[in-house]
Amino acid sequence: TVESRERASSPGRGEAEKGKDKVEGGLSVDTIHRLLRSIGLQATAAQKKELEETVVDMHLGNAGLLSFVDFLRLMRWLLDSDYAGINDVAAATAAEKVRVAESTGAGGGGGMGPTMSRAVTNGMAPTMSRAV
């Protein structure tokens with residue numbers, strides 16, 4: 001829109017604000033790869049190809065971009081297929097967050113509550129339903 005072009009060209013905009021404009025229409029496959037690398041996933045060439053095929057199969061109708069709904073479906077697939085060991089990475093990250101929260105006095109697993117905190121720490125984080 002004209003308004004978004006004016007905002008994009010206005011001086012003094014921060015990088016985060018500029019990046020916001022880039023994802024308003026959806027996420028590209030490259031962005032998804034960067035996102036997964038940022039959380040520590042090391043995908044093989046075969047896994048990357050599988051991810052790209054899955055994304056295309058899910059629906060790339062929005063100018064080659066993944067919509068929010070399709071992103072949620074992709075996340076469900078990533079977890080169900082344990083893509084590149086994502087479940088172990090997620091469990092380790094959650095356990096680290098709990099450890100940091102407890103060591104800094106935040107207690108209760110950083111807002112998770114004692115039951116969830118113990119489950120994550122013990123490697124028994126609950127799985128999500130398949131509603132997506």
Side-chain angles (χ1 to χ4, degrees):
T1 65
V2 173
E3 183 181 313
S4 63
R5 281 191 299 256
E6 288 174 356
R7 282 185 289 135
S9 63
S10 65
R13 287 185 37 153
E15 288 302 311
E17 212 174 331
K18 289 179 188 175
K20 178 181 170 270
D21 289 346
K22 294 178 185 175
V23 296
E24 284 178 358
L27 298 174
S28 69
V29 174
D30 289 337
T31 301
I32 294 166
H33 282 297
R34 282 195 311 275
L35 170 70
L36 295 174
R37 279 193 311 271
S38 76
I39 62 171
L41 290 182
Q42 301 295 322
T44 65
Q47 288 170 324
K48 289 178 184 178
K49 183 176 184 199
E50 180 184 20
L51 175 64
E52 290 169 9
E53 290 171 355
T54 300
V55 168
V56 168
D57 288 345
M58 285 190 167
H59 182 250
L60 282 174
N62 189 16
L65 301 175
L66 202 60
S67 71
F68 179 71
V69 171
D70 292 333
F71 172 75
L72 293 176
R73 290 177 48 219
L74 177 66
M75 294 307 297
R76 176 78 272 152
W77 174 82
L78 291 169
L79 293 170
D80 288 346
S81 68
D82 194 22
Y83 176 82
I86 193 170
N87 295 328
D88 290 338
V89 171
T93 301
E96 177 63 14
K97 297 285 184 189
V98 168
R99 188 191 64 74
V100 168
E102 289 174 347
S103 70
T104 60
M112 282 190 254
T115 303
M116 178 63 98
S117 175
R118 281 192 302 278
V120 169
T121 305
N122 294 328
M124 299 178 341
T127 57
M128 297 172 56
S129 71
R130 295 182 183 268
V132 175

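Just so we're clear, the structure is a prediction, and the values are computed from it rather than from any experiment.
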How far apart are the closest heavy atoms of I86 and L41, and which atoms are they?
CA-CD2, 3.6 Å
Assess whether side-chain contact (heavy atoms from CB on, under 4.5 Å) is satisfied between L36 and L78, documenting all intermediate values.
CA-CA 10 Å; L36 295 174; L78 291 169; 4.0 Å; yes
Report the C-alpha separation of E52 and K48 in whole Å, then their side-chain angles, then the decisive distance to 0.1 Å, and conclude whether the salt bridge (charged side-chain N to carboxylate O under 4.0 Å, His left out) test is met.
CA-CA 6 Å; E52 290 169 9; K48 289 178 184 178; over 6 Å; no
Looking only at non-hydrogen atoms, find the nearest pair between D70 and L66 and report the distance.
CB-CD1, 3.4 Å
With rounding to the nearest 0.5 angstrom, report the CE to CG distance, M58 to L72.
10.0 Å
Let me confirm one number: the OG-CZ distance from S28 to R34, rounded to the nearest 0.5 Å.
6.0 Å
Is a donor on one side and an acceptor on the other found under 3.5 Å between the side chain of Y83 and the backbone of Q47?
yes
Shortest non-hydrogen contact from H33 to L51?
CE1-CD2, 3.7 Å
Quick one: do I32 and V55 satisfy side-chain contact (heavy atoms from CB on, under 4.5 Å)? Show the steps, please.
CA-CA 10 Å; I32 294 166; V55 168; 4.3 Å; yes
CG on L27 to CG on L74, rounded to 0.5 Å:
9.0 Å
Does some side-chain heavy atom of W77 sit less than 4.5 Å from a side-chain heavy atom of D57?
no
